[in-house]
Amino acid sequence: MATLNKKKCIIVLGSPNDAQGNLSPIALSRLKVAKELYHIERSFVLCTGGFGPNFNITKHPHALYAQHFLLANGIMDEDLLDSVLSANTVEDAVLSLKQLNDLEIEEVLIVSSDYHIPRAKFIFDKLFDNYQVFYHPADSKHFEESAKQKLISHETQALKGLKEKGLIVNGKVFK
């Protein structure tokens, strides 16, 4: 297999799984994009997602289920970084940043759903200013239109709130 690019990391943002740990179509679409990116150029992979009433109520973190999928699909165990046990997108960014600070990563590839990318971009662009950051959307065509519109509406409102109030991390406000 190709040599690991130790300056690059794919970050897969957390998403739902069911009460038995089965990954949702949202999670699977994100993980498939991450798998494709990894097979283009072997790099570190970081999965996010801990627990939360809206995305994971099992006794294991969502990121563990994501890692199992990736391992079953050709990602090498030694290329998986320790999971980030986050509960939302801001925690995804903050905790991922802490995880990457000790590594010599220069380039970060953020994988999330197409409808989630604008908010993720707002957050990660503010916090990952020392990295080259690229965004890779997972297609959400598997949703019925009404469900997709609810997600888009939620993301629009969440992004609007961040822009109005600012992103507050460790007492610092990012606008």
Just do the side chain to side chain donor-acceptor pair (under 3.5 Å) check on Asp92 and Ser86 with the steps written out, would you?
-> CA-CA 5 Å; Asp92 287 342; Ser86 52; 2.4 Å; yes
His39 NE2 to Ile75 CD1 distance, which is reported to the nearest 0.5 Å = 4.5 Å
Given side chains that start at C-beta, do those of Glu91 and Asn88 come closer than 4.5 Å, heavy atoms only?
-> yes
Output for pair (Leu46 CG, Ile10 CD1), nearest 0.5 Å, gives 10.5 Å
Is Phe143 close to Tyr115 at the side-chain level, that is, under 4.5 Å between some pair of heavy atoms?
-> yes
Please examine the side chains of Val45 and Tyr38, heavy atoms only from C-beta on, and report whether any two atoms are closer than 4.5 Å.
-> yes
Side chains of Asp114 and Ser140: do they bring a donor and an acceptor to under 3.5 Å?
-> yes
Pair Tyr65-Thr58, side chain to side chain contact (heavy atoms under 4.5 Å, CB included): steps then yes or no = CA-CA 10 Å; Tyr65 301 118; Thr58 70; 2.9 Å; yes
Would you call Ile105 and Phe128 a side-chain contact if the rule is heavy atoms closer than 4.5 Å?
-> no
Give a yes or no on whether the backbone of Gly14 and the side-chain of Arg30 come within a donor-acceptor separation of less than 3.5 Å.
-> yes
When you look at CG of Leu103, are more than 12 heavy atoms from neighbouring residues, nucleotides or ligands closer to it than 6.0 Å?
-> yes
Tell me, do His136 and Leu37 make a side-chain contact under 4.5 Å, heavy atoms counted?
-> yes
Cluster link Ile152 to Leu159, ILVMFWY, side chain under 4.5 Å = no
Would you give the length of the straight line joining atom CG of Leu31 to atom NE2 of His68, rounded to the nearest 0.5 angstrom?
-> 12.0 Å
Check whether the side chains of Ser83 and Gln67 place a donor and an acceptor atom closer than 3.5 Å, and report yes or no.
-> yes
Quick one: do the His142 and Ser29 side chains pair a donor with an acceptor below 3.5 Å?
-> no
ILVMFWY network linking Leu95 to Phe44, side-chain heavy atoms under 4.5 angstrom | yes
Other than Ile168, what residues sit in its cluster of Ile, Leu, Val, Met, Phe, Trp and Tyr side chains whose heavy atoms are under 4.5 Å apart, directly or through others?
-> Val173
Is there side-chain contact between Gln132 and Val108, with heavy atoms separated by less than 4.5 Å?
-> no
Are any of the side-chain heavy atoms of Ile11 and Val111 separated by less than 4.5 Å?
-> no
Listed once per pair and sorted, the salt bridge (Lys or Arg N to Asp or Glu O under 4.0 Å) pairs that draw on residues 37-60, sequence neighbours left out = Lys8-Glu41, Arg42-Glu78, Arg42-Asp79
Mind checking what makes side-chain hydrogen bond (donor to acceptor under 3.5 Å, both in side chains) contact with Asp125, not counting sequence neighbours?
-> Lys121, Tyr135
Rounded distance [0.5 Å steps], CD in Glu107 versus CZ in Phe134 | 4.5 Å
Between Asn22 and Asn17, does any side-chain donor sit less than 3.5 Å from a side-chain acceptor?
-> no
Does a salt bridge link Glu104 with Lys7, judged by any charged N lying under 4.0 Å from a carboxylate O?
-> yes
Can you measure from CG (Leu70) to NZ (Lys32) and round to the nearest 0.5 angstrom?
-> 12.0 Å
Do the side chains of Leu64 and Ile26 join up, straight or via other hydrophobic residues, at under 4.5 Å, putting them in one cluster?
-> no
So, do Thr48 and Leu85 sit near enough that their side-chain heavy atoms are less than 4.5 Å apart?
-> no
